[in-house]
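Because the structure is a prediction, the values reported are computed rather than measured. Proteins come first, then strands; the chains are lettered A, B, ... in the order of their sequence lines, and each starts at number 1.
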Protein chains: 2
Amino acid sequence: MNRRRGMTKGDRRERAIVETAKELLQSVPPGQITVDRLAAGAGISRSSFYFYFDSKSAVLDALLDEIAQEMEEAARGWLDGAGDDPAALRKALGVSARLWREHGSLLRPALLGEDEEFAGFRSRVVEGYIGQAAARIGRERAEGRAPEGPPQDGLARALVRMKFAVLAEDQSAQAIETCAVVITRAIYA
Amino acid sequence: MNRRRGMTKGDRRERAIVETAKELLQSVPPGQITVDRLAAGAGISRSSFYFYFDSKSAVLDALLDEIAQEMEEAARGWLDGAGDDPAALRKALGVSARLWREHGSLLRPALLGEDEEFAGFRSRVVEGYIGQAAARIGRERAEGRAPEGPPQDGLARALVRMKFAVLAEDQSAQAIETCAVVITRAIYA
DNA sequence: GGGAATAATCGACATAGCGTCGATTATTGT
DNA sequence: ACAATAATCGACGCTATGTCGATTATTCCC
């Protein structure tokens with residue numbers, strides 16, 4: 001899977017495959033994307049596809065990596081802060097909501113499902129999130145801004161999963177507000 | 001000697017297929033169960049399988065229906081109550097946890113995933129749950145036991161999804177406690 | 001207990017998707 | 001310009017799904 005450097009023909013094809021995937025995802029769920037269609041979209045035969053990627057999942061993984069980066073940046077605004085900061089929380093949730101709106105059909109199976117093919121992405125993103133959220137809660141408690149309660153990592157886990165599940169199905173301002181209130185009440189009682 | 005069963009041969013076979021599915025699920029994820037294995041387990045040929053069920057999914061649906069009933073009973077204890085009742089809440093969560101422990105490998109894709117094959121079961125169970133939880137919250141607020149906050153159905157949705165997501169991956173007493181605290185704080189602030 | 005109706009079974013087909021191989025053609029760096 | 005290697009393809013073999021038509025086993029009722 002290692003080809004030469006530079007903007008060679010192969011690089012363009014590889015890109016075309018990923019772009020095709022992105023487009024297909026606008027109208028078709030990930031499970032129904034086939035190697036056939038990806039190859040056709042990129043203008044090559046099905047068997048040629050395997051010159052570029054090991055499988056359909058590999059293509060989606062590439063796409064997910066791009067999204068994961070955005071998600072992490074989105075979260076940082078609140079995760080790195082301190083104290084009950086309603087504005088920062090809602091802003092971070094808003095960016096998250098936008099990502100779900102744009103990439104929902106891929107993110108849903110990847111983050112909510114349990115398909116083996118997304119296991120890598122899922123554990124990286126979800127666990128990363130949970131770890132940072134737990135740290136945030138820990139700081140608040142240590143400095144007396146939040147009361148004690150369930151273990152910080154369990155609580156973080158519950159809230160992160162809640163957030164994913166809610167935004168996955170509804171990205172409205174109302175949904176964001178609900179998430180924000182639950183998070184705030186759960187942490188600051 | 002065994003004619004005293006009201007069950008015809010076909011009924012027994014049908015049962016055998018469902019039982020085979022149940023057993024297979026103990027060691028294999030739902031996605032890897034094939035019609036072949038179900039048929040083999042029930043002692044018939046693959047094509048005979050289709051005399052009994054339309055597809056693998058139909059078998060799993062049958063299994064899910066049995067589980068759904070247990071879930072609903074489990075929840076009733078808390079959903080039908082009133083006031084902040086820590087014991088009832090924890091007891092209901094405990095039964096839920098047991099169901100996840102026993103049937104997790106089937107419940108996870110069915111309730112958390114978005115596979116089309118489980119869409120019916122999912123909407124029935126999840127929406128039923130949410131509706132009842134929303135009503136419960138509404139009653140608490142109406143009678144002044146809980147403060148206002150996000151719309152009751154949105155809040156119920158968030159909490160139900162949180163509960164599913166948490167128990168899906170961890171059925172420990174600790175996890176139950178965390179769920180209980182988040183739910184209590186979110187509703188009663 | 002016997003025989004028609006119907007329940008149950010199976011093998012052979014047809015279809016869709018995946019991934020691999022070996023042979024062939026196009027690109028590219030020097 | 002020409003060897004090295006990147007890129008392409010068709011033909012296979014595999015697994016799984018679902019359908020048909022023909023056949024055999026069970027039931028039910030007289």
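- Rounded to an integer number of Å, the gap from Arg12(B) CZ to dA7(C) C1' is 13 Å.
- Within residues 15-42 of chain B, no residue approaches DNA chain C, by heavy-atom distance under 4.0 Å.
- Judged purely by distance below 3.5 Å, without hydrogens or angles, the side chains of Lys56(B) and Thr34(B) never pair a donor atom with an acceptor atom.
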### Task
Determine, step by step, whether Arg122(A) and Glu114(A) satisfy the salt bridge (charged side-chain N to carboxylate O under 4.0 Å, His left out) criterion, reporting the C-alpha distance in whole Å, the side-chain angles of both residues, the deciding distance to 0.1 Å, and the verdict.
CA-CA 9 Å; Arg122(A) 182 162 47 245; Glu114(A) 60 162 8; over 6 Å; no
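- Atom CD of Gln69(B) is surrounded by 12 or fewer heavy atoms from other residues, nucleotides or ligands within 6.0 Å.
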### Task
Any chance you could lay out the salt bridge (charged side-chain N to carboxylate O under 4.0 Å, His left out) test for Glu102(B) and Lys22(B), step after step, and finish with the verdict?
CA-CA 10 Å; Glu102(B) 273 168 29; Lys22(B) 211 180 229 170; over 6 Å; no
## Note on the structure
Contact string for nucleotides 8-13 of chain C, one letter per nucleotide 5' to 3', B = base within protein heavy-atom range under 4.0 Å, S = sugar-phosphate only, - = neither, reads BBBB--
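- Considering every non-hydrogen atom in both Ser96(A) and Leu167(A), the closest pair reads CB-CD1, 3.7 Å.
- Counting only heavy atoms from C-beta outward, the side chains of Leu25(A) and Pro30(A) approach each other to under 4.5 Å.
- Under the 4.0 Å criterion applied to side-chain N and carboxylate O atoms, Asp65(A) and Arg124(A) are assigned as salt-bridge partners.
- The OH atom of Tyr50(A) sits 15 Å away from the C1' atom of dA11(D) (whole-angstrom rounding).
- Nucleotide dG17(C) holds its P atom 20 Å from the CG atom of Asp54(A), rounded to whole Å.
- Here the side chains of Glu72(A) and Tyr129(A) are not in contact, with every heavy-atom distance at 4.5 Å or above.
- The interatomic distance linking Phe49(B) (CZ) with dA7(C) (P) rounds to 19 Å, in whole Å.
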